[in-house]
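Predicted model only: the values in this text are computed from it and were never measured.
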Amino acid sequence: MQAVLILAHKNIDQVIELSQRLSSCFNVYIHFDKKVSLSEKQELSLKKLNVNFFSKYDVKWGSYSIVRATIDLMKLALENPQNKYFHLISGQDWPMKAPQKIYDFFEDTNKIYMNYWRALDMKKTGEPEIWWVKYYFNYDQINRRTTFGKIYHRFLLLIQTIGRVNKLKKYGVNEKDIYAGQEWVDVPRDALEYAIKYYEIHPELEKIFSTSFCSDEIWLQSILCNSQYKDRIDRDIHHCIEMTEKHGSRPAILDEDDYDKINRGNYWWGRKIERPISNKLINLLDQQK
């Protein structure tokens with residue numbers, strides 16, 4: 001068997017519909033952001049689909065709460081010894097191929113599909129990504145996406161740059177060993193078990209990542225890229241993500257105009273999908289065999 005792990009924070013009915021599509025092939029596990037509430041009808045629908053779901057963390061963008069939710073999802077799915085492959089997606093993802101085709105592909109591979117780069121070599125929004133790990137942040141308490149949060153972030157960068165703060169040095173971690181990438185991954189059981197165990201027996205990692213920014217895009221890459229599993233990593237995650245502004249969202253909300261690109265490409269998953277904007281695209285995808 002294979003497991004799909006879903007981090008969801010909105011559009012509960014769409015997440016249920018996504019689960020319905022996937023549960024014919026996959027075991028489905030969902031963490032719902034504590035800020036959303038499920039109706040009795042929605043909970044019943046998930047239970048009928050044999051979906052494992054829970055709501056434990058108040059998830060905030062850029063904060064460690066995302067890592068906590070992700071690790072708990074992974075541990076829950078690992079409890080079932082029949083799960084041999086694990087796919088981490090968001091509640092706004094959608095299969096770009098028939099779920100059975102996705103399942104069949106992963107039955108014949110032991111690769112890790114995870115993109116990565118060295119944090120020292122990457123800038124995002126004009127900031128060296130390594131700053132996000134070597135400096136201290138507390139975005140479980142501060143909303144980074146508010147006006148105050150944006151000003152606060154600039155203040156933290158300025159004061160810690162002047163003070164030459166380096167949290168990594170404190171915990172004996174070399175900056176060259178920090179890797180980052182997109183959160184969405186497809187991982188075989190042995191690699192995931194290794195990563196979770198490694199994280200648990202190295203408590204300094206939690207001390208580092210719990211006070212980092214966007215550590216959900218860093219913790220797993222940093223573990224696996226410094227392990228014997230690195231040679232098995234394929235950096236093409238086959239995820240259709242348009243990093244442009246469209247329908248008031250960045251990444252773009254995909255619609256029927258994206259179908260030709262999807263059809264030409266070898267994509268397993270796509271985001272963002274949002275009804276009713278994506279209705280026609282979903283109908284086109286449903287016609288695939």
Side-chain angles (χ1 to χ4, degrees), residues 2-26 28-33 35-36 42 46 49 51 59 61-62 66 69-70 73 86-106 113-117 124-125 145 180-187 214 216-217 234-289:
Q2 297 175 32
V4 175
L5 319 181
I6 303 175
L7 293 168
H9 72 282
K10 60 184 290 189
N11 301 348
I12 305 305
D13 287 335
Q14 182 177 307
V15 175
I16 293 171
E17 186 183 358
L18 171 63
S19 302
Q20 186 175 23
R21 274 168 168 72
L22 296 175
S23 60
S24 60
C25 305
F26 301 93
V28 178
Y29 301 80
I30 306 173
H31 177 269
F32 287 105
D33 190 331
K35 292 188 287 295
V36 304
Q42 288 170 331
L46 289 168
L49 293 170
V51 170
V59 175
W61 181 77
I66 307 175
T70 301
L73 264 179
F86 303 81
H87 312 273
L88 179 63
I89 66 174
S90 85
Q92 289 179 281
D93 279 24
W94 205 263
M96 299 287 100
K97 296 180 185 292
Q100 187 64 55
K101 282 191 174 182
I102 299 173
Y103 186 95
D104 290 344
F105 175 87
F106 286 98
Y113 290 88
M114 176 183 76
N115 64 13
Y116 67 86
W117 49 80
K124 284 192 172 181
T125 61
R145 285 189 148 171
Q182 287 173 296
E183 180 179 8
W184 320 115
V185 296
D186 304 271
V187 188
C214 287
D216 55 300
E217 300 178 353
D234 188 325
R235 297 167 76 175
D236 184 354
I237 61 173
H238 299 270
H239 233 96
C240 184
I241 303 174
E242 291 292 330
M243 292 306 298
T244 57
E245 184 82 18
K246 187 177 179 183
H247 300 298
S249 172
R250 179 183 173 92
I253 296 173
L254 303 177
D255 60 27
E256 66 274 16
D257 292 338
D258 299 295
Y259 179 71
D260 286 342
K261 177 187 175 181
I262 292 167
N263 203 31
R264 291 192 306 269
N266 185 20
Y267 297 112
W268 302 322
W269 311 103
R271 71 184 301 263
K272 297 179 175 179
I273 295 291
E274 196 162 307
R275 289 191 182 276
I277 296 168
S278 305
N279 282 357
K280 290 182 180 179
L281 174 59
I282 291 172
N283 291 338
L284 289 166
L285 293 170
D286 283 348
Q287 295 170 23
Q288 295 179 341
K289 301 297 183 183

Modelled atom types, side-chain donor and acceptor of Thr70 and Glu183, under 3.5 Å: yes
Pairwise distance NE2(His247) to NZ(Lys272) - rounded to 0.5 angstrom: 12.0 Å
Verdict with reasoning, Leu18 to Ile89, per side chain to side chain contact (heavy atoms under 4.5 Å, CB included): CA-CA 11 Å; Leu18 171 63; Ile89 66 174; 4.2 Å; yes
Non-hydrogen side-chain atoms of Glu217 and Lys124 separated by less than 4.5 Å: yes
Around atom NZ of Lys35, are there more than 12 heavy atoms of other residues, nucleotides or ligands at under 6.0 Å? yes
NZ/NE/NH1/NH2 to OD/OE distance under 4.0 Å, Lys246 and Asp258: yes
Taking all heavy atoms of Gly248 and all of Glu245, pick out the closest pair and write down the distance. C-OE2, 3.4 Å
Test of understanding: with side chain to side chain contact (heavy atoms under 4.5 Å, CB included), list the residues that count as partners of Phe105, not counting sequence neighbours. Thr109, Tyr113, Trp268
Between Asn11 and Gln92, do the side chains contain an N or O donor and an N or O acceptor separated by less than 3.5 Å? no
Show your working on side chain to side chain contact (heavy atoms under 4.5 Å, CB included) between Ile273 and Ile282 and close with a plain yes or no. CA-CA 9 Å; Ile273 295 291; Ile282 291 172; 3.8 Å; yes
Report yes or no: do Asp104 and Gln100 form a side-chain donor-acceptor pair below 3.5 Å? yes
Lys/Arg-Asp/Glu bridge criterion (N-O < 4.0 Å) met for Lys10, Glu274: yes
Given side chains that start at C-beta, do those of Leu7 and Ile66 come closer than 4.5 Å, heavy atoms only? yes
Taken to the nearest 0.5 Å, the spacing of Lys261 NZ from Met96 CE works out to 11.5 Å
For a 4.5 angstrom cut-off between non-hydrogen side-chain atoms, does Trp269 reach Trp184? no
Measuring from atom OG of Ser19 to atom CG of Leu49, what distance do you get when rounded to the nearest 0.5 angstrom? 6.5 Å
Would you say that Asn115 contacts Asp236 through its side chain, given a criterion of any heavy-atom pair below 4.5 Å between the two side chains? no
Can a donor-acceptor pair be found, under 3.5 Å and without considering hydrogens, that links the side chain of Glu242 to the backbone of Pro251? no
Within the distance-only criterion (no hydrogens, no angle test), does the side chain of Asp255 pair as donor or acceptor with the backbone N or O of Ser278 below 3.5 angstrom? no
Is the closest side-chain heavy-atom distance between Leu46 and Phe32 below 4.5 Å? yes
If we ignore angles and hydrogens, is there a donor and acceptor under 3.5 Å between the side chains of His239 and Asp93? yes
Determine yes or no for a side-chain-to-main-chain donor-acceptor pair under 3.5 angstrom, with Glu256 supplying the side chain and Lys280 the backbone. no
Separation of Leu73 CG from Leu88 CG (nearest 0.5 Å): 7.5 Å
Between the SG atom in Cys240 and the CG atom in Asn266, the distance rounded to the nearest 0.5 Å is 11.5 Å
Side chain to side chain contact (heavy atoms under 4.5 Å, CB included) for Leu285 and Trp94? Distances and angles first, verdict last. CA-CA 10 Å; Leu285 293 170; Trp94 205 263; 4.1 Å; yes
To the nearest 0.5 Å, what is the distance between CG (Leu281) and OH (Tyr259)? 8.5 Å
Using the side chain to side chain contact (heavy atoms under 4.5 Å, CB included) rule, take Met114 and Asp234 through it: C-alpha gap first, then chi angles, then the decisive distance, then the call. CA-CA 6 Å; Met114 176 183 76; Asp234 188 325; over 6 Å; no
Do Ile241 and Gln182 have side-chain heavy atoms sitting under 4.5 Å apart? yes
